[in-house]
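Have a look at the structure below, then the notes.
Note that the structure is a prediction, hence the values are computed from the model and not measured. Atoms within each ligand, like the ligands themselves, are counted from 1 in listed order.
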Amino acid sequence: MKKVNIAVVGATGMVGRTFIKVLEERNLPIDNFYVMASARSAGSKLTFNCKEYTVEELTEHSFDKHIDIALFSAGGSTSAKFAPIAAEHGCIVVDNSAQWRQDPNVPLVVPEVNPEDIKWNKGIIANPNCSTIQAMVALKPLDDKYKIKRVVYSTYQAVSGAGIAGWKDLENGIKGEAPKKFPHPIANNCLPHIDVFLENDYSKEEMKMIWETRKILHNPDMKVTATTVRVPVFNSHSESINVEFENTIDINDIKTLLSNSKGIVVCDDLANNVYPLATDATGKDDVFVGRIRRDESVENGINMWVVADNIRKGAATNAVQIAELIINS
Ligand code: A2P
């Protein structure tokens with residue numbers, strides 16, 4: 001197998017550090033490895049495969065050297081400026097920010113769902129929003145068989161999704177300190193406010209779930225709505241997903257379909273109180289699905305509970321899986 005040069009941009013952050021861990025675990029064929037961040041952490045050291053690497057400051061010249069793939073998680077404005085520079089130098093950027101996700105020239109990819117879309121990349125591939133990724137893994141096999149008519153998402157999102165600052169707000173909030181990242185204390189609260197509010201009164205996180213679902217499932221008219229909520233959980237996002245289908249459903253077949261789908265583990269044994277939990281999902285790469293039941297208020301609908309590690313499958317693992325698709329293409 002050919003060996004590639006890989007850079008991690010935003011390597012000191014929560015997702016960046018997990019990129020490094022997942023690259024190590026999945027044993028990608030890496031020749032040269034680079035870690036980049038802002039001037040603030042330039043010169044600090046990070047370990048990859050038992051070897052120390054010095055963090056480089058990300059600049060216009062960072063991609064003058066030959067880099068095949070760069071995994072970016074350093075915020076939207078950093079991606080806006082530096083992803084095109086990397087792409088111009090022949091590097092393929094897998095970008096974890098929201099910056100490029102709606103660009104018609106940029107594929108938005110979940111490897112279990114639409115791997116074929118990486119083929120038309122022009123140097124940038126977007127990694128979807130963490131909440132969208134886990135929902136897509138669960139919805140794709142159902143859409144293929146029963147054709148989705150409408151989706152209602154309600155999310156219960158962990159503070160790690162807001163980076164190190166979000167994590168600290170919960171940790172310090174439990175001790176009674178005032179929040180620095182969130183607009184209200186996250187300890188003992190559920191905040192129906194993730195990212196900024198938009199003109200239609202939805203939060204941007206809600207609209208990301210709506211726009212990204214349509215793009216990934218190649219259905220620009222799909223009826224989708226969402227309420228996204230930050231909850232006092234350190235890691236792993238939980239989601240209630242209500243789905244209505246065009247075709248007549250069989251609930252047992254839906255359970256079998258989900259059990260046999262790549263990337264999904266069904267945990268649904270009510271007699272033994274078994275259903276997906278954030279604490280069980282943390283540290284894993286699968287999407288956990290349970291509480292699968294008919295929505296009795298419509299003819300062909302279901303409710304389900306979908307949980308995944310937002311930093312791994314919702315960000316780093318998905319991006320590394322995209323890198324694997326690039327290497328193997
Ligand atoms: P740094 O540690 O130097 O600030 P998180 O969201 O978990 O806080 O992580 C954000 C990541 O993005 C960090 O690695 C951070 O680096 C990096 N980052 C932020 N701004 C820039 C920038 N302008 N150029 C490069 N990296 C940046």
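- For K313, the salt bridge (charged side-chain N to carboxylate O under 4.0 Å, His left out) test picks out E112, with sequence neighbours left out.
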S131 and E205: side chain to side chain contact (heavy atoms under 4.5 Å, CB included), yes or no, with the steps?
CA-CA 9 Å; S131 308; E205 185 81 354; 3.5 Å; yes
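- For S261, there are no side chain to side chain donor-acceptor pair (under 3.5 Å) partners, not counting sequence neighbours.
- Ion pairing between D169 and K180 fails under the 4.0 Å rule for side-chain N and carboxylate O.
- Ion pairing of E25 with R312 is present here, as a side-chain N (NZ or NE/NH1/NH2) and a carboxylate O approach within less than 4.0 Å.
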Pairs under 3.5 Å, nitrogen or oxygen of ligand 1 with protein nitrogen or oxygen:
residue: ligand 1; atom: 2 (O); partner: T12; partner atom: OG1; Å: 2.6
residue: ligand 1; atom: 2 (O); partner: S41; partner atom: OG; Å: 3.3
residue: ligand 1; atom: 3 (O); partner: S38; partner atom: N; Å: 3.2
residue: ligand 1; atom: 3 (O); partner: S38; partner atom: OG; Å: 2.5
residue: ligand 1; atom: 3 (O); partner: S41; partner atom: OG; Å: 2.5
residue: ligand 1; atom: 4 (O); partner: S38; partner atom: OG; Å: 3.4
residue: ligand 1; atom: 4 (O); partner: R40; partner atom: NE; Å: 3.0
residue: ligand 1; atom: 4 (O); partner: R40; partner atom: NH2; Å: 2.9
residue: ligand 1; atom: 7 (O); partner: M14; partner atom: N; Å: 2.8
residue: ligand 1; atom: 14 (O); partner: G10; partner atom: O; Å: 3.1
residue: ligand 1; atom: 14 (O); partner: T12; partner atom: N; Å: 3.3
residue: ligand 1; atom: 14 (O); partner: T12; partner atom: OG1; Å: 2.6
residue: ligand 1; atom: 14 (O); partner: G13; partner atom: N; Å: 3.0
residue: ligand 1; atom: 16 (O); partner: T12; partner atom: OG1; Å: 3.3
residue: ligand 1; atom: 26 (N); partner: S38; partner atom: N; Å: 3.2

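- Residue pairs meeting the salt bridge (charged side-chain N to carboxylate O under 4.0 Å, His left out) criterion with at least one partner in residues 252-277, sequence neighbours excluded, are K145-D253.
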